[in-house]
Structure formats: structure tokens, C-alpha cells
Enquirer: 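Take a look at this one; I'll ask things after.
In what follows, chains carry the letters A, B, and so on, assigned in the order in which the sequence lines appear, proteins first and then strands, with residues in each chain numbered from 1. None of the values given here were measured: they were computed from a predicted structure.
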Amino acid sequence: MSSMNNLSESGKSGMNLKETELTLGLPGEPRVGKACMKRVFSETVDLELGNSGKKDSSGSGSSMKKESATSRGKLVGWPPVRAHRKNIMTVKSGKYVKVGVDGAPYLRKVDLELYNSYEQFLSALEGLFTCFKIRTVLDEKKLMDPVNGVEYVPTYEDKDGDWMLVGDVPWKMFAESCKRVRLMTRSEAIGLAPRPETKCSSSSS
Amino acid sequence: MAYSFPEEVLEYVLSFIKTDKDRNAVSLVCKSWYEIERWCRRRVFIGNCYAVNPRIMIRRFPEIRSVEIKGKPHFADFNLVPEGWGGYFHPWVVAMARAYPMLEEIRLKRMVVSDDCLEMIAKSFKNFRVLVMSSCEGFSTDGLACIAANCRNLRELDLRESEVEDLSGHWLSHFPDTCTSLESLNIACLGSEVCFSALERLVSRCPNLRKLQLNRTVPLEKLPNLLIRAPELVEFGTGAYSAELRPELLSNLVNAFAGCKKLKALSGFWDVVPAYIPAIYPVCCGLTSLNLSYANIQSPDIIKLVSQCQNLQRLWVLDYIEDSGLDVLATCCKKLEELRVFPSDPYDVEPNVSLTEQGLVSVSEGCPKLQSVLYFCRRMSNAALFTIAKNSPNLIRFRLCIIEARAPDYLTYEPLDAGFGAIVENCRELRRLSLSGFLTDRVFEYIGKHAKKLEMLSIAFAGQGDLGLHHVLSGCDSLRKLEIRDCPFGDKALLANAAKLETMRSLWMSSCPVSYGACKLLGQKLRRVNVEVIDERGTPESRPDSCHIEKLYIYRTLSGPRVDTPDFIWTMDEEGNTPQ
């Protein structure tokens with residue numbers, strides 16, 4: 001059955017992931033030490049191999065027309081863990097999302113629950129990727145590499161799998177729906193940030 | 001000449017007959033026994049609040065002192081039952097306030113309870129003693145304040161996993177100084193800080209306090225003072241188990257725990273700082289129940305703890321325990337009867353801990369009394385299930401959740417039919433089973449053939465077609481509750497086994513290819529059964545009869561169609577008329 005082949009692939013890719021685990025960090029950066037939680041997979045490297053596993057778990061082997069799925073194969077009420085168990089665990093463990101920058105060889109992870117506003121969040125990003133400075137252009141928060149003048153537009157993937165511009169919705173709404181963040185170079189982000197260039201006003205917030 | 005047995009004698013004899021099953025049997029002997037029995041029944045259990053109504057209950061049993069009622073279907077725990085479904089306690093409390101002024105105990109599960117209900121309880125029942133609300137919702141701390149203030153002889157207040165609107169912690173201060181009757185207090189589900197001095201005073205003046213479960217906000221520093229005031233404690237739940245490292249706090253805790261000589265059960269343990277775990281070592285050898293399912297401690301610490309609990313009968317723990325910890329459990333805890341392993345990170349496909357099927361195999365090997373299992377893991381094999389079945393023939397509850405839906409045997413890539421088949425074949429006393437992993441209709445053939453004592457079955461993402469469901473409905477003689485989601489079971493099996501549905505408490509099906517037309521047919525065929533279509537897309541009449549419905553809930557009932565359905569539930573009419 002083809003369904004079983006899909007499932008076997010997911011099992012195999014699960015094995016491969018473990019073998020590719022690396023532990024690197026940016027020079028000069030302290031490990032973000034969130035106590036107690038042992039992670040088999042280091043926070044600092046993501047080779048994006050996990051996607052195949054995720055895809056397989058959702059739709060394989062189903063002859064059914066309808067599945068109770070939300071986006072990207074995530075199933076409602078599965079695995080059957082009660083809400084109060086989920087909440088109690090996640091309250092303290094934070095909401096970690098991956099942050100990638102175009103051109104950087106590896107990603108970082110930040111805990112969105114530590115911040116209450118876009119300003120705080122972008123400052124944190126500035127701290128993580130120390131080559132950046134935050135420039136405020138009108139109301140748009142942008143990150144800029146002062147060395148080569150390249151501007152980065154912060155974008156994020158939301159719950160529905162769409163890539164959005166950071167900053168449009170209230171902070172809390174963003175924090176809840178954000179799954180990962182990517183700092184795109186301005187040229188790539190043409191569709192997302194169509195505002196014309198103006199003279200940069202004040203510096204970092 | 002007719003010989004009649006004096007009523008008083010029979011009543012006296014009946015006072016020794018406690019269980020519902022026995023009482024029901026007694027009432028079937030003859031009309032006079034039915035009459036005598038119904039007047040002296042004191043306790044009633046209603047497994048589905050819509051199976052009867054208050055009027056029927058009161059008419060038959062006029063002298064009830066203790067009532068237990070369950071509302072929403074089990075799958076409500078996993079957000080499969082839409083908001084506003086029902087399960088309201090209000091009509092019950094209104095009727096009982098009039099009919100049962102001497103009511104002492106109310107136990108509710110998955111019901112909607114408002115503050116008004118709580119106020120009514122507080123004001124209507126002079127001898128009220130026990131309120132247990134398990135997984136309930138709809139009330140706030142204001143309602144609790146009312147209970148605290150007015151129930152003079154309150155013995156038990158247990159909020160077990162309920163969702164409470166937490167307005168403030170001051171409700172606890174409403175217990176009057178004259179209240180000294182409290183034996184059990186469980187507020188673990190509450191989010192906000194309770195007034196600690198009020199709690200301390202309450203604990204001090206209640207000499208019979210046996211069970212106390214605090215909520216997360218009670219700091220570790222406060223525990224010693226609390227514990228020394230409650231030396232009779234049998235069950236204790238901590239708050240957050242963390243504080244900065246201070247030697248005097250550790251020694252205070254050690255002494256405080258050691259002072260509770262009757263302690264048998266521990267729970268709580270949010271946010272654990274491992275350095276404080278040794279504080280409970282003195283009580284470990286007496287523990288029969290340990291709930292670490294909120295504790296973010298790693299395998300080595302769990303091992304140190306568990307290896308001292310030789311008398312442990314029940315362990316709830318996160319998968320941080322890992323296979324290595326379960327090996328130790330198997331070696332040290334020979335009296336273990338119940339094991340629940342919860343996932344620390346349920347939504348990540350990749351494992352974050354080294355917990356596999358092997359851990360469960362070890363426990364089944366080492367713990368001969370193992371009866372009840374709930375196990376979340378990321379891989380399973382038929383071979384492992386064979387071994388577990390062979391080692392644990394006395395299993396009563398077996399709930400296995402392989403996190404990835406439809407995951408096959410990770411060694412052979414085959415379905416897990418044979419493994420689960422071995423479970424039902426060997427475990428003759430099995431009453432509850434939850435399936436997961438890749439399963440064909442075969443597994444249902446085995447279940448129908450062997451699981452003769454099975455009362456509750458949960459199925460998800462399994463089977464190939466109607467035949468699977470048919471095996472279950474036609475074969476499982478003792479089946480009472482069946483809940484199914486995302487399986488290719490449809491009209492044929494349901495219609496062919498309609499009569500079976502009259503012998504069960506309830507059937508839940510969601511995301512299965514059951515057509516509206518079949519539901520209407522079932523509604524016509526079945527007497528004294530409610531066939532409820534749940535569909536949030538608007539009336540099923542607006543779509544063809546062949547269209548699949550979203551969710552289906554079928555249950556036997558004496559009180560006819562519900563009168564409190566929300567606008568997304570349609571009850572199929574017995575006449576085959578268009579439902580309103």
C-alpha cells in the first residue's frame with residue numbers, strides 16, 4: 001500500500017534527523033538557558049528536514065474525503081491531550097519560534113512570551129544578530145546591516161502557513177499566531193513591503 | 001397463604017446493598033421489592049444527563065442524599081464537542097432544591113455549572129457536605145465564595161480539573177471561622193493566588209483534613225507551615241515546587257513532610273527545582289500514589305525518587321521518565337497497578353525524549369499487578385504488544401496513544417492489528433481500550449471476537465470500512481460507550497446494528513462518512529434513543545441526504561429529545577419528520 005510507504009518514509013526521516021544534530025552558537029552569544037527542559041535537538045540548527053515527517057502524519061493512507069484537520073496537517077484534538085495539561089506545561093516553557101536571516105548559515109530561537117511589544121522583540125533580534133541595527137522608517141520597523149546597507153524586512157509564518165509582514169496586527173495576536181520568523185532581504189520582500197524609501201529618522205528603539 | 005416479608009426487615013437488609021448494579025437487581029425481583037427499594041435508595045448515578053431528566057429521577061427515588069451526574073461526551077476533553085453543546089446542571093439543581101432538601105452530596109463530571117447553581121446549592125441543602133466538580137465549567141470564584149460562606153458542614157470541595165473563571169482568590173476567606181468540618185479541598189485547577197493566611201487558618205481549624213491539593217500559585221516557602229498544621233493528611237498536592245536554594249527551607253520541608261505520617265498520595269509539583277525533591281524522600285516508602293505529570297524533572301531525578309517508593313500503586317508521570325526510568329520503576333515498584341505516561345511535547349513529530357515502547361514492555365515484565373495503562377509514545381511494534389499482552393493478562397484498562405496518527409509497526413511497517421489483537425485475546429478482563437497507530441479492519445475482527453468484557457472503546461484514524469465497525473457492534477457484548485473519530489465507518493454498519501445502539505449508553509462519531517439520510521433512518525428505527533446530528537455548517541436539510549454529517553451523538557434515553565439543544569444540533573425524529 002502506498003500509504004504504508006509514506007509512513008515508512010516518515011519513520012526513516014525521523015531517524016535521519018537525529019543524526020544531523022549539531023550544537024553551534026554564534027560567537028560571543030550566551031546560550032539561551034531555559035532551565036530544566038532537556039532538548040534532544042539543539043536549538044541552534046535547523047536543516048528543515050522535519051517537514052517531510054509532518055506532512056506524512058497528516059494525510060497518508062486516508063481514503064477519506066474529509067479529515068478534521070486545520071492547517072498544515074495539524075489535527076484537531078490530536079494527540080488527545082487535555083487543554084489544562086497543555087496550558088500548564090507551556091505557560092512556563094515559553095513559546096519558542098525559529099528566527100532565520102537570509103544569508104546566515106543557521107537559525108536562532110526566541111521565546112516570544114518574553115516580550116510584550118514589537119519594540120522589545122526587535123531589540124532582542126538586534127541583540128541576537130549583533131550585526132543589525134534597528135531603523136525606524138515611518139511606522140515600519142526595519143532591521144539594517146550598517147556594514148553593507150542591506151535592509152531586512154521581518155516576516156513571519158502564521159498558523160495558516162502564510163508569510164506575513166511583521167507589525168500589522170497587535171503584538172499579542174502576532175505572538176499567538178507566529179510559527180517562525182524570517183528576516184528577508186529587502187529585494188526579496190518587494191511584495192510585502194511596498195512602501196517607498198524615505199530618509200531614515202531616529203535610530204534604534 | 002401469602003407470606004409477606006416485613007418491610008422493615010427488607011429495608012434493613014437493603015441498607016447493606018450499596019452498588020447500583022445490586023440495587024437495580026433487587027428492584028427487579030417483584031413490585032413490592034421495587035417499591036421498598038426505591039424509597040430507601042440514597043445514592044443515584046446518572047452516566048448521561050440526557051438519558052433521564054430530574055422529574056423521572058425524583059419520581060422514582062424520593063429520598064436521595066447523593067447524586068452523581070455526567071454531562072458532555074468524553075471527546076469534549078479534546079475540543080471535539082463544540083462550545084455550547086449542553087450538559088447544564090441548572091435544571092437538576094432547581095428540581096432537587098425542591099425535592100431533596102436533605103441532599104448531601106453532588107458529584108458532577110463535564111457539566112456546565114453556573115454561579116447561580118452554586119448559590120442554589122449553598123442555600124437549598126442544609127446538610128450539604130460534598131461537592132465534586134470534575135472537568136466542569138461555567139462558574140467563577142464568586143460561586144465558590146457562596147459555597148464557602150453558606151455550607152455549614154462542608155466536608156469536601158473538589159474542583160478537579162474544572163475551568164473556573166478566576167476573579168480573585170478572596171473566595172477562600174468566605175469560609176466562616178466556625179467551619180471546622182473540611183476533610184478534602186482540591187483547588188489545583190485555580191489560577192490566581194488564594195489568600196494564604198485564610199488558607200492557613202482554615203487548615204488549622206479543620207482537624208479532619210485528609211486531602212489538600214493546592215494550586216500552582218502557593219509558593220514552596222509556605223508549605224512547611226501548612227503541613228505542620230495538617231498532620232492527618234493522606235493526600236497532598238503541592239503548589240509550584242520551586243524556590244531559591246536555601247538550606248533552612250529544605251530542612252523545614254523535610255521535617256514538615258516527615259510530620260505527615262499518614263501521607264499516601266502526592267501531586268502538584270509544578271516548576272520543580274530538583275534540589276528540593278529530597279524533601280519528600282522521608283515519605284516515599286509510604287506512598288501509594290504519585291502524580292508527577294506536571295513536573296518538569298528529568299529521568300535521573302525521577303529515578304532517584306521512584307526507586308524509594310516501593311509501595312507505589314499508581315504513578316502518573318511525563319515522558320521525561322524515559323525508558324531508563326521505567327526500567328527502574330519495573331524493578332522497584334512491584335505493587336504498581338496503574339501507570340500513566342503523558343507527553344511533554346505532544347505536537348512535535350520528532351521525539352524530545354528517549355521514551356519508546358520498550359519502557360512499557362519493561363513495566364509489564366516487572367509489575368505483575370499492572371491493571372491500568374495510559375501511555376503516550378512515538379513508536380510501537382506488534383512484537384512489543386505481544387509481550388505486553390503476555391506479561392499483563394490482568395489488564396483492565398489499556399489506552400495507548402502513538403502520537404503520529406496511523407503510525408505502523410516501526411520494525412515491520414505492518415499494521416498493529418495483531419498486537420492489539422493479542423491484547424484483547426489475552427486480557428480477558430479488559431474493560432477499556434483506546435487504539436492508535438495504523439490499523440485495518442482486522443483489529444476490529446479480533447476485538448469483536450475476544451473483547452467480551454469491553455465496556456468502552458476509543459478509535460481514531462483506524463479501519464478500512466464499514467466491516468470494522470460492524471465487527472465491534474456485533475461482537476462486543478458488554479459495550480457501553482463507543483467513541484470514534486476520523487474513521488471510514490459509514491451508514492451500512494450503523495444501520496445493520498441499529499438495535500445494538502439501544503443497549504449502549506452512547507455512541508460518538510465525528511469526521512466519519514455517515515450520511516444525513518442514514519441518521520434520519522436511524523432516528524426512525526430506534527425507540528427511546530436520541531440520534532443527534534451536530535453540524536456547524538447549518539441545517540443538514542439544506543444539503544443532500546447523501547451528504548456526510550460532521551458529528552453524530554447517539555444515546556439511549558427515557559426523556560425524549562432534548563429541549564435545550566443549541567442551533568447546531570438536530571435530533572432525528574422518530575416519525576421521520578423534518579427536524580426543526
Enquirer: For residues B:Phe75 and A:Pro80, determine if any side-chain heavy atom of one lies less than 4.5 Å from a side-chain heavy atom of the other.
Expert: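 No, their side chains stay 4.5 Å or more apart.
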Enquirer: Who passes salt bridge (charged side-chain N to carboxylate O under 4.0 Å, His left out) against B:Arg160, sequence neighbours left out?
Expert: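 Partners of B:Arg160 under the salt bridge (charged side-chain N to carboxylate O under 4.0 Å, His left out) test: B:Asp158.
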Enquirer: Output yes when a side-chain donor or acceptor of B:Arg485 lies under 3.5 Å from a complementary backbone atom of A:Gly77, and no otherwise.
Expert: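 Yes, B:Arg485 side chain to A:Gly77 backbone: donor-acceptor pair under 3.5 Å.
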Enquirer: Within a reach of under 6.0 Å around CD of B:Glu161, are more than 12 heavy atoms found that belong to other residues, nucleotides or ligands?
Expert: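 Above 12, so yes.
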Enquirer: Which heavy atom in A:Val81 sits nearest to a heavy atom in B:Phe376, and how many Å separate them?
Expert: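 Looking at all heavy atoms of both residues, the closest pair is CG2-CE2, 3.9 Å.
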Enquirer: Minimum heavy-atom separation for B:Phe461 to A:Leu75, with atom names?
Expert: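 Looks like CZ-CD1, 3.7 Å.
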Enquirer: Between B:Ser135, B:Gly465, B:Gly191, B:Ser510, which has the largest tally of heavy atom pairs under 4.5 Å with chain A?
Expert: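 Between B:Ser135, B:Gly465, B:Gly191, B:Ser510, the count favours B:Ser135.
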Enquirer: Where is the tightest heavy-atom contact between A:Trp78 and B:Ile402, given as atom of each residue plus distance?
Expert: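 Closest approach of A:Trp78 to B:Ile402: CZ2-O, 3.7 Å.
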Enquirer: With a 4.5 Å limit on heavy-atom distance, are the side chains of B:Pro346 and A:Arg85 in contact?
Expert: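 Side-chain contact under 4.5 Å: no.
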Enquirer: Can you tell me if B:Arg110 has over 12 outside heavy atoms packed within less than 6.0 Å of its CZ?
Expert: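 More than 12 heavy atoms, drawn from other residues, nucleotides or ligands, come within 6.0 Å of this atom.
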Enquirer: Kindly give the heavy-atom pair with the smallest separation between B:Cys401 and A:Pro79, and that separation in Å.
Expert: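 Looking at all heavy atoms of both residues, the shortest contact is SG-CB, 4.1 Å.
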